[in-house]
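This report concerns only the one structure given below.
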Amino acid sequence: MQLEELQSAWQKTNDRLDALQVHSFALQSTSSHRRFQAETIWQLAFAIPTVFWSGGFLFDNLERVLKNPMLAIPALLVYALSIASIGGSIWVLVQGSNLDYALPIAETQKRLARIRAFNVRSTRAVMLLGIPLWVVFPILLIQTILGYSWLATFDLTYLIVNILFGIAVSLGTVVAAKRAPQSSKLFRTIDDAFAGNAVAAAEADLALFAELSEEVKEVKR
Amino acid sequence: MFLRGNLPSEPRLSYEQVLQAHAGLIMRVVRTYARSSEDQQDLLQEIRLQVWRSYPKYDPSQSLSTWLYRVSLNVSISWLRKRPQVQFATDPDEIERQYGVSVPEPEVTMLYQLIDSLEAVDRTLLLLYLEGLTASETAEIVGTTATNVSTKLSRLTTKLRNQLQTENNPCN
């Protein structure tokens, strides 16, 4: 079979399908809504209450943490991490919604690859910093639900030991994900994030589309 | 083949009129990137939404089909990145929905297998080649030079010829 035959096969199938599908195309609803950057919205949905939560926690325990500032470190870290996560998510959402899909493909895809690379890197940073901080979440949760402040009775050694334990657990998870990435979806995601596969894919796209659009700039010069 | 844009004196088409007039173009892009009817509907909705969002900024002095190709191909390339590997249909009803007949001709099956084996950008180049667009028209859509398009198309067609020869003479 030759390429010309492919062209005629393409035409034949499309003529046949156009006759069948154009009508249904016209009847479809225009009120569809896209699952627009759902992942980023989920990050925001988690980060915004966390900011209020950790901020409120610090405010409620202001007197205690002023007496012993070291006790404020976990909540301050969660607060800072959530603010950084919100900043990153808003940047991704703004860049994504300002993206012009009517620009030449190389240009639009280059911008998309840049957003994707940023998104993957920031998610990885949040994961790296967030996992060891797990210890502060139960403290905040109990404080919020029961109104009982563990900060007042907990000693610093307990917190440090728990943070170290969190680091050990997260390192163990990364190693396990690396050894058996196919055993679960979570392990695959972790392995992709830490091995840099997702960043590498976004950067490869960026290089490909930058190369395509650079040639136009060369000709214009 | 390549449709020119509306003349400035012509009344601007409404969003629905644009979709109606170019339904075939959009559906051909959809069929290049999505195989199952469920995926095709999903991609179609994404394209419709992006056309609706971008249309207020459309400059009527520009070719409408070039503009539509850009929007629908940009959406399709992004959509394809989020998808796992294409699954070929085995259900007779699904085959009919995909090919318009219950038993597709071997060359049609082969064509779609070739399309599915290509990366997103090569798929775009092949689609525009099959649609009969020239290298400079393709370059305008992709955002590169006509020379670059010709080079890439030449490599792509050589690769496809080799693949076709292998398919035709599996013993060689």
Side-chain angles (χ1 to χ4, degrees), chain A residues 1-3 5-26 28-36 39 96-97 99-113 115-116 201-202 204-205 208-209 211-220, chain B residues 15-16 19-20 23-24 26-28 31 40-41 44-46 48-54 57-58 67 70-75 77-78 81 97-101 104-108 110-112 114 120-121 124 129-132 139-145 147-148 157 160-161 164 167-168:
Chain A
M1 194 161 108
Q2 295 299 308
L3 284 167
E5 289 176 77
L6 288 184
Q7 228 160 0
S8 90
W10 173 254
Q11 198 55 50
K12 187 161 64 180
T13 314
N14 279 301
D15 287 347
R16 205 157 54 199
L17 288 166
D18 282 347
L20 288 172
Q21 291 187 348
V22 168
H23 184 61
S24 68
F25 180 94
Q28 276 156 20
S29 154
T30 55
S31 62
S32 74
H33 53 84
R34 194 177 162 209
R35 299 177 304 275
F36 182 67
E39 202 179 293
S97 53
L99 199 67
D100 187 355
Y101 279 79
L103 288 176
I105 293 167
E107 192 55 42
T108 306
Q109 296 301 320
K110 195 170 69 181
R111 291 179 192 189
L112 263 173
I115 298 170
R116 215 165 33 243
D205 284 347
L208 170 71
F209 292 113
E211 183 201 318
L212 284 173
S213 54
E214 271 308 305
E215 293 196 24
V216 177
K217 287 180 197 155
E218 289 287 324
V219 170
K220 281 181 183 165
Chain B
Y15 160 72
E16 279 301 332
L19 289 183
Q20 286 297 318
I26 295 172
M27 284 312 298
R28 287 195 295 278
R31 281 180 218 130
Q40 287 182 355
Q41 282 301 320
L44 180 60
Q45 295 299 333
E46 297 261 344
R48 287 171 67 103
L49 183 66
Q50 206 47 251
V51 169
W52 178 74
R53 275 187 182 156
S54 306
K57 287 184 274 177
Y58 166 66
W67 183 85
R70 280 179 178 175
V71 175
S72 43
L73 285 166
N74 266 319
V75 173
I77 292 171
S78 312
R81 283 220 169 75
R97 274 195 292 273
Q98 286 182 25
Y99 301 104
V101 280
E105 302 84 347
E107 65 268 26
V108 169
M110 193 186 280
L111 170 68
Y112 280 90
L114 283 175
V121 177
T124 295
Y129 167 80
L130 291 171
E131 290 283 278
E140 201 187 336
I141 294 165
V142 174
T144 189
T145 58
T147 317
N148 196 15
T157 48
L160 290 178
R161 271 202 185 94
L164 285 172
E167 295 273 351
N168 291 336

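Letters A, B, ... mirror the listed sequences (proteins, then strands); counts begin at 1. Computation of the quantities below employed the complete heavy-atom set of this structure, encompassing side-chain atoms and omitting hydrogens, waters and symmetry-equivalent molecules.
Heavy-atom pairs under 4.5 Å with chain B peak, among A/A106, A/P104, A/A113, A/A102, at A/P104.
In this structure, B/N74 and A/Q109 have side chains that are in contact, with non-hydrogen atoms separated by less than 4.5 Å. Using a 4.5 Å heavy-atom cutoff, the side chains of B/Q50 and B/E46 are not in contact. You'll find the side chain of B/M27 reaches within 4.5 Å of the side chain of B/L44, heavy atoms only.
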Subject >> Working for side-chain contact (heavy atoms from CB on, under 4.5 Å), residues B/I77 and A/T108 >> reply: CA-CA 10 Å; B/I77 292 171; A/T108 306; over 6 Å; no
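Heavy atoms closer than 4.5 Å to chain A are found in the side chain of B/T124, but not in its backbone. For B/V51, no part sits under 4.5 Å from any heavy atom of chain A, backbone or side chain.
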